[in-house]
*Asks:* 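Got a structure for you, questions after.
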Amino acid sequence: MSIFVDEHTKVVVQGLTGSQGRFHGLRNRAYGTRVVAGVTPGKGGQDVEGIPIYDSVEEAAKEQGADASFIAVPPRAAADAILQAAAAGLRLVVCITEHIPAKDEAHVSARLVRDFPDTRLIGPNCPGVISPGKCNIGITSGDIALPGGPVGIVSRSGTLTYQALHELSQQGIGQTTCVGIGGDPVPGTSFLDVLEAFEADPETKAVMMIGEIGGDAEERAAEYIASSMTKPVVAYIAGVTAPEGRKMGHAGAIVSGSKGTARGKMEALTAAGAVVAANPTEAGEKMVEIVRALG
Amino acid sequence: MDLFEYQGKQYFARYGIPISQGEVADSVEEAVAVAERIGYPVVIKAQVQVGGRGKAGGVKLAADRSEAELHASNILGLDIKGHVVKRLWVERATDIAKEYYASFTLDRAAKQYLSMVSARGGVDIEQVAEEEPAAIARTHVNPLDGLDLETARDIVRRAELDEVAREEAAAILVKLYRCYVDGDADLVEVNPLVLTTAGRVHALDAKVTLDDDAAFRHPEWEELAGAAEMDDRERLAKDKGLQYIGLDGTVGIIANGAGLAMSTLDVVNQVGGSAANFLDIGGGANADVMADALEVINTDQNVRSILVNIFGGIVRCDEVARGIVTALGRVEEGWPIVLRLDGTNAAAARQIIEDYGSDRIISEATMLSAARKAVEIAAAGGRGERS
């Protein structure tokens with residue numbers, strides 16, 4: 001089994017006529033994802049390599065029976081795009097857009113909680129979600145993932161998500177689902193949400209978790225791991241050498257005073273019973289040991 | 001973007017938050033002229049983006065012209081924790097009765113805005129936060145509800161601000177909220193928010209961090225950015241739109257994605273090296289961006305080798321490879337480049353590099369081996385050979 005997506009997931013791509021949307025949307029389709037429609041206001045009636053374009057998500061969802069959205073639109077249009085997808089009743093929205101203003105993210109998050117509690121947002125500023133061999137929504141290169149499980153991956157960092165997939169696939173270890181939750185201050189889906197889903201998924205036998213400096217999402221994940229997780233977790237936290245008070249690339253990654261340091265997160269995870277690795281390669285190696293021991 | 005105090009105060013003023021009357025001065029003469037204009041006594045304050053400037057002698061009260069001259073000349077050029085004072089803020093001195101604290105920021109865990117108000121403001125607020133957290137009234141604000149005056153009144157009452165200060169403080173809190181939200185700030189902090197002996201309330205300091213991602217709807221931010229504290233490398237990088245942070249090591253780092261860039265720094269450190277910078281070429285990297293990144297790193301005097309660590313997702317490795325080739329065509333001299341490419345279009349990228357056939361590019365298969373190679377070359381003073 002997989003979490004959040006599977007071979008039946010029907011995807012509409014918001015921004016399919018743009019360069020990023022087109023490249024990744026078509027690549028998702030080539031991977032086998034059921035990309036059923038695109039949405040670009042004002043371009044309804046056109047098509048992108050046979051994929052019909054609609055003016056609104058609502059129309060696209062109704063005509064094509066879509067249940068998920070892949071958003072690849074510029075930052076200033078992203079908040080509206082997410083809410084439009086939620087209002088159309090889609091259960092899953094994956095937003096890869098980076099550099100969305102924090103106020104827009106906070107507003108969207110509050111709207112989803114109040115008005116659209118059944119819609120799960122993954123991202124923004126994330127690589128997306130891939131269930132190898134079944135469905136790939138987002139910008140992950142499908143050929144670095146290996147179908148068949150038994151490992152679930154959850155990561156706050158885009159490129160480290162690929163690194164994690166790569167480390168496991170190189171060793172012949174497959175993945176059930178890999179979820180990039182994104183590194184922005186207000187992610188739609190948290191470590192906690194994904195850990196819960198993996199814990200409940202019978203085919204996922206172990207979880208690799210990639211965190212980074214800033215915030216306390218990893219510490220909260222550690223609490224859940226300690227209290228409720230029966231499956232082994234291997235964790236890696238980026239940013240041990242990050243200087244204090246400087247944003248490392250995006251708004252999420254900042255050490256302020258003693259808060260949000262890599263060391264603090266590593267200690268919390270170790271205390272929670274997770275295996276904590278010093279670098280992505282070591283995380284892969286530790287996971288290989290665990291999976292082999294599972295038989 | 002972190003604002004200087006004077007910029008923060010000017011930003012506050014846009015939203016109607018009362019501040020002390022004052023002006024910026026870049027020289028002793030200007031400082032004296034401002035002081036004469038607004039009337040003594042004045043406070044002369046160093047404009048640096050670092051805490052503890054008062055204890056370092058960067059804030060002085062001047063009762064007359066000769067004191068203003070003396071303090072301005074002492075503070076200008078003062079080195080405060082590595083920050084050299086180039087600009088002063090001169091404002092009318094305030095008769096302080098009480099010092100409070102007020103701020104808005106984002107509580108990521110709650111996914112809501114967080115208001116913090118305390119009657120125990122001043123230089124020791126961090127200690128108060130640690131030792132007596134109950135002395136700070138924390139209130140979540142739902143972005144959909146906003147902050148009305150009624151709620152603000154409740155907050156200042158719970159924060160136990162003096163009764164005489166509450167009505168003005170509540171009104172300021174509402175304005176501060178507007179400044180935080182409409183002003184697209186990641187942080188607005190007033191410490192201290194003062195009650196004067198005359199019974200008025202106003203902001204005596206201003207700490208404002210703007211959300212760079214919202215710059216597209218704030219054309220007025222452009223002039224603020226010009227004053228930002230940056231070294232030459234950082235300014236060049238910013239001009240080229242790169243996410244760059246200067247560090248002290250010898251291995252120049254270029255990676256895509258904040259996580260991978262941070263991880264690359266960590267791994268370089270683990271194998272005994274030190275990074276010269278953090279540079280994230282981001283998700284939209286193409287050949288030009290890559291060429292710009294190499295150009296910025298080449299201006300760093302400490303660099304002896306360059307580690308390029310790319311895992312293609314939205315970034316296409318072949319674009320990165322073309323960028324490196326373009327950059328090498330533009331800049332003839334430069335340090336050896338250790339290259340690790342995986343992900344989207346990696347095979348095509350490796351072919352581009354191979355066809356180019358430069359001795360300056362050393363390809364490595366893994367992140368760890370690439371880090372080792374780059375550190376080895378840097379340790380040898382920049383000499384390396386293709387493996």
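Below, chains carry the letters A, B, ... as their sequence lines are ordered, and counting in each starts from 1. All values reported here derive from a predicted model rather than from experimental measurement.
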*Asks:* Under a 4.5 Å cutoff for heavy-atom pairs, which residue among B:L106, B:L279, B:N142, B:N309 has the most contacts with chain A?
*Replies:*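 Winner by heavy-atom pair count: B:L106.
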
*Asks:* Please determine, among A:T161, A:I237, A:N279, the option with the most heavy-atom pairs under 4.5 Å with chain B.
*Replies:*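 So the answer, after comparing A:T161, A:I237, A:N279, is A:N279.
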
*Asks:* So for B:A109, is it side chain, backbone, both, or neither that comes closer than 4.5 Å to the heavy atoms of chain A?
*Replies:*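 For B:A109, backbone and side chain are both near chain A.
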
*Asks:* Of all the residues in residues 100-111 of chain A, which have a heavy atom that comes within less than 4.5 Å of a heavy atom in chain B?
*Replies:*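 Answer by number: A:I100, A:P101, A:A102, A:K103, A:D104, A:A106, A:H107, A:S109, A:A110, A:R111.
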
*Asks:* Who wins among B:V267, B:V181, B:N345 for the most heavy-atom pairs under 4.5 Å with chain A?
*Replies:*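 Counting heavy-atom pairs under 4.5 Å, the top option is B:V181.
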
*Asks:* Given a strict heavy-atom distance threshold of 4.5 Å, which part of B:Y113 is in contact with chain A: side chain, backbone, both, or neither?
*Replies:*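 Side chain only.
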
*Asks:* Considering all heavy atoms of both residues, which atom of B:G259 and which atom of A:A238 are nearest to each other, and what is their separation?
*Replies:*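 For B:G259 versus A:A238, the nearest heavy atoms are O-CB, 3.8 Å.
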
*Asks:* Would you mind checking which part of B:A185 comes under 4.5 Å of any heavy atom in chain A, side chain (CB onward), backbone (N, CA, C, O), both or neither?
*Replies:*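 For B:A185, the contact with chain A is made by the backbone alone.
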
*Asks:* Could you tell me which residues satisfy side-chain contact (heavy atoms from CB on, under 4.5 Å) with A:A278, sequence neighbours excluded, listed by chain and number?
*Replies:*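 In terms of side-chain contact (heavy atoms from CB on, under 4.5 Å), with neighbours along the sequence ignored, A:A278 is linked to A:E282, B:Q270.
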
*Asks:* Can you name the closest pair of heavy atoms from A:Y162 and B:G312 and give their distance?
*Replies:*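 Reported closest heavy-atom pair: CD1-O, 4.0 Å.
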
*Asks:* Taking side chain as everything from C-beta outward and backbone as N, CA, C, O, which of these in B:D266 sits under 4.5 Å from a heavy atom of chain A? Side chain, backbone, both or neither.
*Replies:*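 Contact with chain A involves both backbone and side-chain atoms of B:D266.
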
*Asks:* Does any heavy atom of chain B fall under 4.5 Å from the side chain of A:L192, the backbone, both, or neither of them?
*Replies:*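 Interface part for A:L192: neither.
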
*Asks:* Can you find a pair of side-chain heavy atoms, one from A:I144 and one from B:F311, that are under 4.5 Å apart?
*Replies:*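 Contact flag for A:I144/B:F311 side chains = yes.
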
*Asks:* Would you say B:R217 has more than 12 foreign heavy atoms packed within less than 6.0 Å of its CZ?
*Replies:*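 Count over threshold, so yes.
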
*Asks:* Ignoring hydrogens, what is the shortest heavy-atom contact between B:G257 and A:T159? Give both atom names and the distance.
*Replies:*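 Heavy atoms only, the tightest pair is CA-OG1, 3.6 Å.
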
*Asks:* Judged by atom type as modelled, is there a donor-acceptor pair below 3.5 Å linking the side chain of B:K111 to the main-chain atoms of A:P187?
*Replies:*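 Side chain of B:K111 to backbone of A:P187, a donor-acceptor pair under 3.5 Å: yes, one is there.
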
*Asks:* Could you measure the distance from the CE atom of B:M262 to the OG1 atom of A:T241? Nearest 0.5 Å is fine.
*Replies:*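 Result: 9.5 Å between the selected atoms.
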
*Asks:* Quick check for you: to the nearest 0.5 Å, what is the distance between A:S141 atom OG and B:D342 atom CG?
*Replies:*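 These two atoms lie 9.5 Å from each other.
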
*Asks:* Select, from A:Q163, A:R220, A:R114, the one with the greatest count of heavy-atom pairs under 4.5 Å involving chain B.
*Replies:*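 Option with the greatest count: A:Q163.
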
*Asks:* How about A:V186 and B:R108: do any of their side-chain heavy atoms sit closer than 4.5 Å?
*Replies:*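 With C-beta onward as the side chain, the pair stays apart.
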
